[in-house]
Amino acid sequence: MAFYGLLALTAGWFTLMTWLSHQDGERTRRTSWRLAEELSGPGRDTCALDLFLRRAAHGVLFAVFSFLYACTLYVGGLPAGLFAPVPVWAWADEATKRWCRGRHFSWADVARNLAGVLLGLALFAALCALLAL
C-alpha cells in the first residue's frame, strides 16, 4: 500500500514540476514576479528575490522529485538502476523548453536541476542512515 501511495505522489510531483517548467515565458515571469513582490515587502529588492526564486525553483523541484522517486524505488524493492532516467530528465526538461513560447535551453538550469537531483539523493541517503535501513 505504501508503494502505491509513494508512486502516486511521485507521479503527481513529476507532473506538477513538468507543467510548471513548460509554462510560456511570460506566465512564468509574471508568477515569479508576483511571488517575489509578496515575499519581499515594501522597500526591498524585488528583482533580486525574483531572480533567486527563478533559479532556486530548479533545484527544489528536482530535489523533491528525486527524493520521492528514490523512496518509491526503495519501498517497492525495485533496482536502484531504475533511478537512471532522473538525471537524464534533468537535461531533457530543459531541452524540451525550446518548443515553449518565450522559453529557452540553459546549461546553467541543467546544472541546477542536477544539483537538485543530488540533493534529493543525499536527503534519501540521510533518511536511510537515520532510520538504519
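For Leu114, the side chain to side chain contact (heavy atoms under 4.5 Å, CB included) partners at least two apart in sequence or on another chain are Pro87, Ala90, Val110. Residues passing the side chain to side chain contact (heavy atoms under 4.5 Å, CB included) test with Phe52 are Leu49, Ala56, sequence neighbours excluded. A search for side chain to side chain contact (heavy atoms under 4.5 Å, CB included) contacts involving Leu78 returns Phe3, Leu73, Leu82, not counting sequence neighbours.
Listed by first and then second residue, the ring pair (Phe, Tyr, Trp, His ring centres under 6.0 Å) pairs that reach into residues 14-49 are Phe14-Phe65, Phe14-Trp89, sequence neighbours excluded. Residue pairs satisfying the side chain to side chain donor-acceptor pair (under 3.5 Å) criterion with at least one member in residues 9-18, sequence neighbours excluded, are listed as follows: Thr10-Thr72. Annotation: salt bridge (charged side-chain N to carboxylate O under 4.0 Å, His left out) contacts involving residues 22-33, sequence neighbours excluded, comprise Asp24-Arg101, Glu26-Arg29, Glu26-Arg30. Judged as a salt bridge (charged side-chain N to carboxylate O under 4.0 Å, His left out), not a single pair has a partner in residues 33-54 (not counting sequence neighbours). Under the salt bridge (charged side-chain N to carboxylate O under 4.0 Å, His left out) criterion, the residue pairs touching residues 103-129 are Asp109-Arg112, with sequence neighbours excluded. Applying the side chain to side chain donor-acceptor pair (under 3.5 Å) test to every pair with at least one member in residues 75-88, sequence neighbours left out, gives no pairs at all. Here side chain to side chain donor-acceptor pair (under 3.5 Å) pairs that include residues 60-70, with residues two or more places apart or in two chains, number zero.
Closest of all the heavy-atom pairs between Glu94 and Ser106 is OE1-N, 3.3 Å.
Within the model, atoms CG of Leu20 and CG of Asp93 stand 10.5 Å from one another, a figure rounded to the nearest 0.5 Å.
The hydrophobic cluster of Val88 has no other members, since no ILVMFWY side-chain heavy atom comes under 4.5 Å of it.
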Review item, side-chain donor-acceptor pairs of residues 117-133, under 3.5 Å, at least two apart:
none

